[in-house]
Amino acid sequence: MIQTVRGTFDILPDEVPRWRLLEETARTVFRCYGYREIRTPIFERTELFARSVGEETDIVAKEMYTFTDRGGESLSLRPESTASVVRAYIQHKMWTWGSVVKLFYLGPHFRYERPQKGRFRQFHQIGAEAIGQNDDPAIDAELIEMVEEYLDRLGVLERALFINSVGCSQCRPAYVRRLKETLAGVISRMCENCQRRYETNPLRILDCKVEEDQPFIERAPALLDHLCEACAAHFEALRRHLEARGIAYQIARRLVRGLDYYTRTAFEITSARLGAQNAIAGGGRYDGLSELLGGPPAKGIGFALGVERLLLALPEDAAIVDDAPDLYIAYLGEAARQEAFRVARRLRRAGLVVIYDFEERKLRRLMAQADRAKARYALLIGEDELAAGRYTLRDMRTGEQEALSEEALLRRLVTSRELSASGRG
RNA sequence: GCGAGCAUAGCUCAACCUGGUCAGAGCACUUGACUGUGGAUCAAGGGGUUGCGGGUUCAAAUCCCGCUGCUCGCCCCA
């Protein structure tokens, strides 16, 4: 039997409503903040990710699905989307669109990782980017507010917002040197991972969770205390903006981001309901990424959110069955069968969800089918109905039945559908 | 890349430790009790080379080895 590839899965019809809820709520909320949807290709030139995400990062070094196409070009399935969006910003000269361009995206992304709870090889992200000449911290605060608003609307509980600043090209290199100097004498006593990070990505040492390493990390200088004046002012302003907006946050002095392009603002939203992979959303500022990709100077901030993880943190009752049929037609006999097909077509044209069985069965079985399909109404067409020119409509909730002409039937069903639609809100 | 756990009917599981009555149950499915009326009840039925391969044994779902897959954790990240 051929099965789904490791780390991938089918989203079956029963689960699709939950996915649609997340996607449609995102579109609704982000649009209110002036963000517009962009759809970039699923694969790009490998170079795009190598230059933006960073050659040395795990994502690029060992997690990308990279292949050579028939033209000999190295391409990669996207492991994230910020690089693509910035590429599009440059390619389509979006700086001419206005001072800050706000875009959002959603779709599948790919990383070759060992699957576990909340982590897959094909996974889905929803994200947004604000790119332009302006790096006003109010833009950062608004973006964070938007994510919080989105999660509030979905009812995601047990979550926390952490913020930090990772500095800029002015202050971070000096800090990293200072960090390495501080740890130089003790690094040999720290865990293997930290020894490796010391060489590849010293900032990540701050993230280490090994108990024995904590005393060393506690004594290490914090990036927040070594920001340049401009970065420090930016971070203070961000805090004031968040407070003015009534958004509760915690400062996580050890929060760093894994991708090379991040600068200044870094934030993360976690949920206690997830497991080891407890980050639902993460993001930050990436001033200078445009230049890195050969574009004009530009500032930017964005975030990405893991759909599979968000699903884990969603309330149980968020699943809504939105495709229950309006009508199940139970016909008896060949003549009634033809009549059923004709009536169904007319009702479907009016937007009603109409189903029937293709097999002849006893009426008892047909009614059971209607019940199981959760149809709102059942329509009976048999010899009596054909002779009278009126169909028997049964309300599956109350069991009440009445004989209706085709016109009356259409009116009744359309009205019923409108009522239930407005009732659901 | 590393570590641990688990693979029995469509689904959830039992039998495995202490090898040996045909591998069972619930749910789901089909049919009937109920000739044109659903949800309940009762009955009958279909569906498994116990993940794959090898070994031990008179005998393997059960014990041993290998492989594959899944899950969780490390790592990394959303």
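These values consider heavy atoms only, across backbone and side chains, with no hydrogens, waters or symmetry-generated copies. All values derive from a computational prediction rather than experimental measurement.
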Extract from the structure each pairing of a protein N or O with an N or O of nucleotides 45-49 of chain B at less than 3.5 Å, listing the distance.
none

(request) Have a look at A:R111 and say if it touches a base, only the backbone sugar-phosphate, or nothing, with a 4.0 Å heavy-atom cut-off. (result) base
Filtered N/O pairs between nucleotides 66-72 of chain B and protein, under 3.5 Å:
| from | atom 1 | to | atom 2 | distance (Å) |
| --- | --- | --- | --- | --- |
| B:rC70 | OP2 | A:R6 | NH1 | 2.1 |
| B:rC72 | OP2 | A:K117 | N | 2.9 |

(message) Considering every strand and a 4.0 Å limit on heavy-atom distances, what is the contact class for A:F123: base, sugar-phosphate, or nothing?
(response) base
(message) Quick test of your reading of the model: are A:R39 and A:E37 salt-bridged, counting only N-O distances below 4.0 Å?
(response) yes
(message) Could you tell me how far apart A:M64 (CE) and B:rA78 (P) are, to the nearest whole angstrom?
(response) 15 Å
(request) Grab the CG-P distance between A:D14 and B:rA28 for me, whole Å please. (result) 15 Å
(message) Which residues pass the side chain to side chain contact (heavy atoms under 4.5 Å, CB included) test with A:T4, not counting sequence neighbours?
(response) A:T8, A:D10
(request) For A:E44, check salt bridge (charged side-chain N to carboxylate O under 4.0 Å, His left out) against everything at least two apart and list the hits. (result) A:R87
(message) Among residues at least two apart in sequence or on other chains, which ones pass salt bridge (charged side-chain N to carboxylate O under 4.0 Å, His left out) with A:R31?
(response) none
(message) Determine whether a donor-acceptor pair (one donor, one acceptor, N or O, separation below 3.5 Å) exists between the side chain of A:Q277 and the base of B:rC76.
(response) yes
(message) Salt bridge check, A:R18 against A:E15: does any charged N sit closer than 4.0 Å to a carboxylate O?
(response) no
(message) Return a single string for nucleotides 35-42 of chain B, one symbol per nucleotide in 5' to 3' order, where B is base contact, S is sugar-phosphate-only contact and - is none, cutoff 4.0 angstrom on heavy atoms.
(response) -BBBBB--
(message) Counting the atoms with a prime plus P, OP1 and OP2 as sugar-phosphate, which does A:E308 contact under 4.0 Å by heavy atoms, base, sugar-phosphate, or nothing?
(response) nothing
(message) Closer than 3.5 angstrom, by distance alone: can the side chain of A:R78 be matched with the main-chain N or O of A:S84 as a donor-acceptor pair?
(response) no
(request) Please check if the side chain of A:E80 supplies one atom and the backbone of A:A83 the other of a donor-acceptor pair under 3.5 Å. (result) yes
(request) State plainly whether the residues A:R264 and A:D135 are in salt-bridge range, i.e. N to O under 4.0 Å. (result) yes
(message) Looking at A:E218 and A:R254, is there a salt bridge between them, counting it only when a charged N and a carboxylate O are closer than 4.0 Å?
(response) yes
(request) To the nearest Å, give me how far apart CD (A:E192) and P (B:rC75) are. (result) 12 Å
(request) Please list, chain by chain and in numerical order, all residues satisfying salt bridge (charged side-chain N to carboxylate O under 4.0 Å, His left out) with A:R111, sequence neighbours excluded. (result) none
(request) For RNA chain B, just give me the dot-bracket, please: Watson-Crick or G-U, both distances below 3.5 Å, ( ) intra-strand, [ ] crossing earlier pairs, | paired with another strand, . unpaired. (result) (((((((..((((......[...)))).(((((.......))))).....(((((..]....))))))))))))....
(message) Under 4.0 Å from OP1 or OP2 of B:rU31: is there any side-chain N or O of A:R361 that close?
(response) yes
(request) Choose from B:rA78, B:rU31, B:rC74 the nucleotide whose nearest atom is closest to any side-chain atom of A:E113. (result) B:rA78
(message) Looking at A:T263, is its backbone amide N or carbonyl O close enough to the side chain of A:Y286 to form a donor-acceptor pair, meaning the two atoms are under 3.5 Å apart?
(response) no
(message) Between the base of B:rC77 and the side chain of A:R309, is there a donor and acceptor pair under 3.5 angstrom?
(response) yes
(request) Would you mind telling me which residue lines up with the more 5' stretch of RNA chain B, A:Y112 or A:N278, judged by nearest nucleotide? (result) A:Y112
(request) Give a yes or no on this: more than 12 heavy atoms of other residues, nucleotides or ligands lie within 6.0 Å of atom CZ of A:R36. (result) no
(request) Could you tell me whether A:R253 and A:D225 make a salt bridge, using a distance below 4.0 angstrom between a side-chain N and a carboxylate O? (result) yes
(request) Determine whether A:L404 and A:E402 make a side-chain contact, defined as any pair of heavy atoms from C-beta on separated by less than 4.5 Å. (result) yes
Run the side-chain donor-acceptor check on residues 181-191 of chain A: report pairs under 3.5 Å with partners two or more places apart or on a different chain.
| from | atom 1 | to | atom 2 | distance (Å) |
| --- | --- | --- | --- | --- |
| A:T182 | OG1 | A:R178 | O | 2.7 |

(message) For the C1' atoms, the ones on B:rG10 and on B:rU30, what distance do you get once it is rounded to whole angstrom?
(response) 14 Å
(message) Within residues 45-58 of chain A, which residues have any heavy atom lying less than 4.0 Å from an atom of RNA chain B?
(response) A:D58
(message) Once salt bridge (Lys or Arg N to Asp or Glu O under 4.0 Å) is applied, what residue pairs with a partner in residues 375-394 of chain A remain, sequence neighbours excluded?
(response) A:R376-A:D395
(message) Filter on salt bridge (Lys or Arg N to Asp or Glu O under 4.0 Å), then keep only pairs touching residues 157-166 of chain A, sequence neighbours left out; what's left?
(response) A:E148-A:R159, A:D152-A:R159, A:E158-A:R273
